[in-house]
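Have a look at the structure below, then the notes.
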Amino acid sequence: MALTPFFKDIPKIRYEGPDSDNAFAYKWFDANKKVLGRPMKDWMRNAVCYWHTFRGTALDIFGPGTLVRPWEDGTNSLDMALKRTEVVFDFVTKLGVEYYCFHDRDASPEGSDVSETNSNLWAIAEKLKSLQKATGVKLLWGTANMFSHSRYSQGASTSPNADVFAHCANSVKEMLDVSKYLGGENYVFWGGREGYNTLLNTDMGREADHAAKFFHMAVDYAKKIRFKGQFLIEPKACEPTKHQYDFDAATVLGFLRKYGLEKHFKLNIEQNHATLAGHDFCHELAVCNANGALGSIDSNRGDVMNGWDTDQFPNDYRECAQAWTLILANQDGMGTGGLNYDAKVRRDSYDVEDMFYAHICGIDTWARGLRIAEQVIKSGKIDKFVAKRYSSYDKGIGKSIESGKATFESLQKYIVGKGEADQNASARQEYLENLFNGYC
Ligand code: XLS
Ligand code: NI
Ligand code: NI
């Protein structure tokens, strides 16, 4: 592939190690270095997101965008969209990243009616396919943007307007076809405006029923076209609506079970969304693990001092190290999922260089976390501690509880006979936290 001229001053980003002084190099991400028996790149499966990185202009409610990209011609034309795909693939390959993710509308413009919108999408899909072939870059997941256009102002599949539901059916149908065409390994549903602003005008039960109908249609259609990608739902607690229906992992799992959808979906956990729900990121991963539902990660961070979706690039390798201990508790890590950097540079980080610094930081943060997690896991100390903590269930009365033999009567007899429960052992939180300080 002929490289576009826009990144000509930036070298290919390579691994140089922690002692390197080169800001355009990885200090921790050594793609082929084996960690716990697998190359780092295969655990991480890094992905660049199309929307923040290539469509974000950094507008905020106080002013217009500040990021003026040299390749943009100021239009939202199909022509511009076609040219932009080349810049995207140039960027992704220069970073040495293997995956990308996009919404239909990130990559291809809305037409004057639904047919034109669909044909624009296919023109882009063809171009993306040839770029994938030329570079080896793959599609981690596709999705449909059903939140930006004004028709979605009251929801997508949960809109009170059935025409909007039908419009969404068209979008997801097309994006499932496109994702299949591009070999997408997953398909994500983030319920952009699926939620409510006031209960005074909202029939919540009916809206949930509609969302479930929509997901069932998506499952049926994927089966029909033999799309093999994993379906993922991405929870988020609030913003843009006051209350999003996919509040957190536990809420989504409850919804899926109510409607018999649980076999078809896993979750895409986003760090900043976890904190919006009042949870740690690791809490959300643990909920997934307990339900066999960890699918993929949208990586970013919020700001500890405020409470919205700031989508900053991750930089906390300690948090990522702990996250890895949870991800790696699954034999194949995230399976077909990966680390999608759903993050944006700050409004005053104007240059294309900043796009590189941001991704290098995100990728190195996870890579450094992975190296720490490897050592923590190899030491076996956490596993050993946790196993011991629950060992009263391995024998005697605990075993009878777990095996289902115990009843209230048998347990009463036991504890009355004993007179008092055994002493609790210390939970040793500080000891465990400090284990992560032993490695770097
Ligand atoms: C927004 C979401 C969105 C999804 C994809 O907050 O994170 O970017 O990842 O629709
Ligand atoms: Ni996201
Ligand atoms: Ni987000």
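Numbering of ligands and ligand atoms starts at 1, following listing order. Because the structure is a prediction, the values reported are computed rather than measured.
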Is it the case that [X] and [Y] place a side-chain donor and acceptor less than 3.5 Å from each other?
X: E207; Y: Y196; answer: no
X: R55; Y: N145; answer: no
X: N120; Y: T117; answer: no
X: E174; Y: W122; answer: yes

inquiry  = Going by salt bridge (Lys or Arg N to Asp or Glu O under 4.0 Å), name the pairs with one or both residues in residues 103-126, residues two or more places apart or in two chains.
reply    =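 Every salt bridge (Lys or Arg N to Asp or Glu O under 4.0 Å) pair that includes a residue of residues 103-126, provided the two are not neighbours, is E110-R151.
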Matching residue for W190 among W141, W51, F147 - test: ring pair (Phe, Tyr, Trp, His ring centres under 6.0 Å) =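 One option only clears the test, and that one is F147.
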request  = Would you please indicate if the ring centroids of F215 and F231 are separated by under 6.0 Å?
outcome  =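 Not under 6.0 Å, so no.
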Per-residue contact class, E239 against ligand 1 - non-hydrogen pairs under 4.0 Å =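 For E239, there is no contact with ligand 1 at all, from either part.
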key: Over all atoms of both residues, closest heavy-atom pair of Q230 and H264   =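 So the two residues come closest at NE2-O, 3.7 Å.
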So, regarding [X] and ligand 1 (criterion: nitrogen or oxygen to nitrogen or oxygen, under 3.5 Å), is there a contact or not?
X: D309; value: yes
X: W51; value: yes
X: E234; value: yes

Contact with ligand 1 for H273, non-hydrogen, under 4.0 angstrom =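 Yes.
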inquiry  = With the threshold set at under 4.0 angstrom, would you say D342 reaches ligand 1 through any of its heavy atoms?
reply    =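 The answer is yes, since D342 has a heavy atom less than 4.0 Å from ligand 1.
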Heteroatom of D309 nearest to the Ni ion (ligand 3) (N, O or S, atom name) =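 Answer by atom name: OD2.
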key: Pairs touching residues 297-322 that satisfy ring-ring contact (aromatic ring centres under 6.0 Å, His included), sequence neighbours left out   =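 Qualifying pairs, neighbours excluded: F313-H359.
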key: Contacts of type ring-ring contact (aromatic ring centres under 6.0 Å, His included), residue F165, not counting sequence neighbours   =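 For F165 the ring-ring contact (aromatic ring centres under 6.0 Å, His included) partners, ignoring immediate neighbours, are F214.
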query = With a cut-off of 2.8 Å, which protein N/O/S atoms are close to the Ni ion (ligand 2), if we only count those under it?
reply =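 Under 2.8 Å from the Ni ion (ligand 2) - ignoring waters, which are not counted - the protein N, O or S atoms are E234 OE2, E270 OE1, D298 OD2, D342 OD2.
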inquiry  = Could you identify the single nearest non-hydrogen protein atom to atom 6 (O) of ligand 1 and state the distance to 0.1 Å?
reply    =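 The closest one turns out to be K236 NZ, 2.9 Å.
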request  = May I ask you to list the atoms of ligand 1 that are less than 4.0 angstrom from any heavy atom of H103?
outcome  =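 Per the distance check, 5 (C), 10 (O).
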